[in-house]
Undergrad: 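Take a look at the following structure, please.
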Protein chains: 4
Amino acid sequence: MTGETTDADVVRPRRGRPKQEGLAERRREQIVQSAYHVFAANGYESTTISDVARHAGVGQGTVYRYFESKREILDHVFDYAAGQFVGVIMTDDLMTPIDSLDEFSDRLVDIAKRMAATLEEQPDLLKLILVEASAADAELNARMLGLEGFLAEAIANVMQDGQEKGWVRAEVDTAMYSHYVIALVMPGVRHAILGTLTPTVSDRFATATVGILAAALRVPEATAS
Amino acid sequence: MTGETTDADVVRPRRGRPKQEGLAERRREQIVQSAYHVFAANGYESTTISDVARHAGVGQGTVYRYFESKREILDHVFDYAAGQFVGVIMTDDLMTPIDSLDEFSDRLVDIAKRMAATLEEQPDLLKLILVEASAADAELNARMLGLEGFLAEAIANVMQDGQEKGWVRAEVDTAMYSHYVIALVMPGVRHAILGTLTPTVSDRFATATVGILAAALRVPEATAS
Amino acid sequence: MTGETTDADVVRPRRGRPKQEGLAERRREQIVQSAYHVFAANGYESTTISDVARHAGVGQGTVYRYFESKREILDHVFDYAAGQFVGVIMTDDLMTPIDSLDEFSDRLVDIAKRMAATLEEQPDLLKLILVEASAADAELNARMLGLEGFLAEAIANVMQDGQEKGWVRAEVDTAMYSHYVIALVMPGVRHAILGTLTPTVSDRFATATVGILAAALRVPEATAS
Amino acid sequence: MTGETTDADVVRPRRGRPKQEGLAERRREQIVQSAYHVFAANGYESTTISDVARHAGVGQGTVYRYFESKREILDHVFDYAAGQFVGVIMTDDLMTPIDSLDEFSDRLVDIAKRMAATLEEQPDLLKLILVEASAADAELNARMLGLEGFLAEAIANVMQDGQEKGWVRAEVDTAMYSHYVIALVMPGVRHAILGTLTPTVSDRFATATVGILAAALRVPEATAS
DNA sequence: CATGAATGAGGCTTCATTCAT
DNA sequence: AATGAATGAAGCCTCATTCAT
């Protein structure tokens with residue numbers, strides 16, 4: 001109120017506990033990751049905030065300092081999981097052009113391997129994306145579809161490029177087939193989620209997936225001719 | 001559990017009028033069907049017993065005369081939905097032998113059409129089987145996989161027969177591919193669940209599915225050589 | 001119970017526990033009264049639903065079978081208290097015409113006595129109306145003012161009648177004074193609320209209230225002369 | 001931190017710079033005033049310490065350096081409000097003797113005007129004293145009554161003096177009537193609290209209040225005689 | 001001193017399940 | 001057999017208060 005406060009009072013130069021920039025973000029991540037695990041383990045509805053807090057090693061109240069509601073946490077968990085998922089698939093080498101069906105197959109197998117590896121470490125990743133997301137909520141479901149659409153789009157581009165380059169049959173409905181590429185990965189993915197994936201079985205899945213895809217896309221051997 | 005509870009009350013061994021033997025069964029079905037609808041509409045967790053009872057036109061207490069718990073109802077709902085689902089697919093003509101890839105394709109398209117029709121009437125059918133079942137519970141999830149395995153088995157048989165008859169490539173890993181047949185149906189199914197299935201789109205899905213499958217199974221044109 | 005339940009099922013003739021018409025209303029009253037007591041004793045905010053339920057001798061869940069929320073209970077409690085309050089004041093004899101200031105005073109004293117008696121039995125009555133209502137909520141506050149306005153209106157009517165009949169000074173602003181009649185009752189009321197009202201003190205309040213009012217309304221002595 | 005926490009730390013007996021002795025007191029006032037505003041705006045129970053701190057422009061923790069508990073703040077807020085309230089009424093000129101009923105009336109109108117002016121600036125003042133105080137707590141309620149008693153006492157003195165000087169009827173029970181003076185101010189006050197006080201209405205209130213009071217106190221015109 | 005992060009007790013509310021009629 | 005009333009456990013969320021920095 002009065003002027004004679006020497007200088008301070010107005011500038012309020014770092015008084016009190018320093019605000020620890022970044023703490024908030026770290027806490028959010030910490031909580032989201034914990035939520036990710038317990039949601040995946042028990043399902044969203046069956047998980048209590050208490051569970052999340054305990055797993056994160058914080059009090060329940062703390063959770064609410066960083067998220068408005070349980071539902072908001074799920075949103076972030078989905079983003080987190082989707083981010084990881086996409087991260088596994090979308091690597092730089094994905095962007096390099098593909099010039100033959102074999103390359104495409106290799107690339108797919110590559111991705112599949114990476115995914116398998118990731119899923120081995122984080123078996124919950126897809127359960128969360130696939131199951132919890134669809135069960136939770138129409139809105140989240142839509143976002144999941146968005147993610148799928150995004151992937152399909154990328155795949156469709158590759159296939160179109162392949163058509164131009166001649167290693168994909170011209171008749172292929174790329175917009176459709178892209179979704180089928182994803183669908184063809186699912187059987188393997190599901191087993192991975194369930195944890196029943198020995199290397200042998202994994203190979204069979206890879207072979208089958210690639211075999212079917214190759215057959216579907218391959219330009220008919222200029223038979224006879 | 002078993003009958004010998006002195007005075008019964010549990011089994012009520014036909015004393016007096018046998019009552020309508022089927023009455024109890026009818027009530028159960030009535031409740032299961034109601035639960036099926038409301039579970040599919042709102043999800044298992046978000047549905048209250050009250051909702052089920054109201055939809056069934058009975059009191060909540062009555063529900064508990066026929067089912068031990070909410071969870072048990074879900075079991076039965078799953079069975080109900082699975083039964084309907086299988087019923088659509090497993091018709092007599094499925095049992096008739098298949099002698100060519102075209103026949104196989106036709107048969108698939110046939111099934112797909114029947115499924116599409118069913119889903120149009122009962123859009124919740126698959127949502128329940130696919131989404132609610134997996135979200136609810138490990139045990140139910142296992143049963144869902146069992147159902148899938150059962151279907152895959154049937155398909156594998158057909159394909160093996162096809163190999164013997166020569167209209168399926170010998171290299172095909174039938175045990176695996178059968179799962180992929182199911183996987184290839186999924187993109188269309190998902191759209192059906194979401195209700196975004198115009199006839200045109202439906203056709204594209206059918207063409208794609210059958211196209212891919214045919215390519216995958218087809219015996220290479222007597223490459224002559 | 002009725003004989004021929006042969007087919008019925010449509011008419012559903014009193015099956016199950018008879019719905020006990022009136023039970024709901026009784027329970028509501030029971031809960032409202034309990035709430036009335038505990039709210040008055042501890043204040044609305046400091047009272048828990050558990051308190052209300054315990055006082056009513058029911059489970060907390062039961063409370064929510066009859067009221068949507070704690071706030072809704074308060075509404076009903078207010079109505080209940082206001083009803084009782086008005087009931088004490090608005091008796092038949094209040095409607096009989098008044099022909100002199102003395103009669104008016106007597107009538108007021110009468111009401112005051114009845115109120116004092118009521119307050120002795122239910123010391124919380126006014127605390128609830130006056131204090132809790134105003135503290136709780138703008139809306140409830142408005143309703144309280146409405147009640148006051150209603151009373152004032154009645155009093156104003158009597159005074160206007162008195163002006164016509166000549167026992168109230170013509171200069172009196174009846175619309176205003178009516179509120180003051182209520183205001184003049186308040187000192188006594190407050191003491192009653194606080195429970196510090198011996199008969200002697202009560203008399204002094206009555207005398208003072210009536211004395212002031214009489215002086216305010218009285219037509220100047222036989223101005224004639 | 002510092003080693004010599006021996007005893008000090010609490011009193012901090014002027015070591016080094018005496019600090020600004022009044023600083024603590026200023027902080028307290030600052031917080032009390034903020035609390036006063038938010039309590040009045042939202043009610044005591046609905047206000048959080050966070051609200052108070054934010055309004056005061058300090059951290060929540062800081063609040064607890066100056067007050068033991070939320071409740072203690074309310075105490076001080078009450079004192080603050082009461083102090084302001086009394087300050088408006090108890091001015092020097094109040095102490096000057098009063099020699100006639102007219103003077104008394106004038107004085108009352110004067111006070112009323114000052115109060116009206118104050119309430120216009122600080123509409124929350126009385127809401128806090130009247131409503132929040134009574135709702136919060138028996139102890140605070142008692143203090144409120146104490147305040148009222150204090151005012152009544154002062155008024156009673158004036159009236160007694162008036163009796164001696166002859167401008168107040170001898171029959172007047174001054175100890176009682178003093179409370180009624182306050183009561184008669186209430187209708188106007190309430191409207192002021194509610195903010196529904198146009199100048200016209202204000203005049204009517206003033207006229208009515210003074211009119212009633214004058215009638216009640218006035219020595220009967222030594223009629224005839 | 002000041003601060004904001006952390007916390008856990010506790011409140012309101014929902015709902016699966018039991019039970020008297 | 002059927003019903004709806006009753007219940008209490010449990011969940012989400014708020015917030016007064018404590019404490020490390």
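In the text below, chain A, chain B and the rest are named by the order of the sequence lines, each starting its count at 1.
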Undergrad: Let's test your reading of the pairing rules: Watson-Crick or G-U wobble, both distances under 3.5 Å, then write DNA chain F as a dot-bracket string with ( ), [ ], | and dots.
TA: .||||||||||||||||||||
Undergrad: Name the residue closer to the 5' end of DNA chain F, choosing between A:Arg71 and D:Gly61 according to the nucleotide with the nearest heavy atom.
TA: A:Arg71
Undergrad: Pick the nucleotide of DNA chain F nearest each of D:Lys70 and A:Glu68; which residue has the one closer to the 5' end?
TA: A:Glu68
Undergrad: Using side-chain heavy atoms (C-beta onward) and a distance below 4.5 Å, is C:Tyr44 in contact with C:Arg71?
TA: yes
Undergrad: Return no unless some side-chain N or O of B:Tyr64 is found under 4.0 Å from OP1 or OP2 of E:dT17.
TA: yes
Undergrad: Using the side-chain contact (heavy atoms from CB on, under 4.5 Å) definition, which of the options B:Arg26, B:Arg27, B:Glu25 pairs with B:Glu29?
TA: B:Glu25
Undergrad: What is the distance from atom CD1 of D:Ile73 to atom CD1 of D:Ile49, rounded to the nearest 0.5 Å?
TA: 4.0 Å
Undergrad: Name all residues meeting the side chain to side chain contact (heavy atoms under 4.5 Å, CB included) criterion together with A:His76; count only those two or more places apart in sequence or in a different chain, and write none if there are none.
TA: A:Arg28, A:Val32, A:Phe67, A:Glu72
Undergrad: Verify side-chain contact (heavy atoms from CB on, under 4.5 Å) between B:His55 and B:Ile31, making sure each step is shown before the conclusion.
TA: CA-CA 8 Å; B:His55 190 284; B:Ile31 291 169; over 6 Å; no
Undergrad: For E:dC1, does OP1 or OP2 lie under 4.0 Å from any side-chain N or O of D:Arg27?
TA: no
Undergrad: Rounded to the nearest Å, what distance is computed from the CD1 atom of residue C:Ile73 to the C1' atom of nucleotide E:dT13?
TA: 11 Å
Undergrad: Select base, sugar-phosphate, or nothing to describe what D:Arg65 touches, counting heavy atoms under 4.0 Å on all strands.
TA: base
Undergrad: Taking atom P of F:dT17 as reference, at what distance in whole Å does atom CD of D:Glu72 sit?
TA: 10 Å
Undergrad: Look at all strands and tell whether A:Tyr66 reaches a base, only sugar-phosphate, or nothing, counting heavy atoms closer than 4.0 Å.
TA: sugar-phosphate
Undergrad: Show the numbers, then the answer: is there a side-chain contact (heavy atoms from CB on, under 4.5 Å) between B:Asp75 and B:Arg143?
TA: CA-CA 9 Å; B:Asp75 283 346; B:Arg143 284 170 67 195; 3.2 Å; yes
Undergrad: List the steps and the verdict of side-chain contact (heavy atoms from CB on, under 4.5 Å) for D:Phe78 and D:Leu128.
TA: CA-CA 7 Å; D:Phe78 177 82; D:Leu128 231 163; 6.0 Å; no
Undergrad: Establish whether the base of E:dC12 is bridged to the side chain of C:Gln60 by a donor-acceptor pair shorter than 3.5 Å.
TA: no
Undergrad: Measuring from B:Glu45:CD to B:Phe39:CZ, what's the distance to the nearest 0.5 Å?
TA: 10.0 Å
Undergrad: Does the structure place the NZ or CZ of D:Lys70 under 6.0 Å from the centre of the six-membered ring of D:Tyr64, at an angle of no more than 45° from the ring's axis?
TA: no
Undergrad: For a quick check of understanding: with a heavy-atom distance under 4.0 Å over all strands, which category does A:Val58 fall into, base, sugar-phosphate or nothing?
TA: sugar-phosphate
Undergrad: For residues 28-52 of chain A, which residues have at least one heavy atom under 4.0 Å from DNA chain E?
TA: none
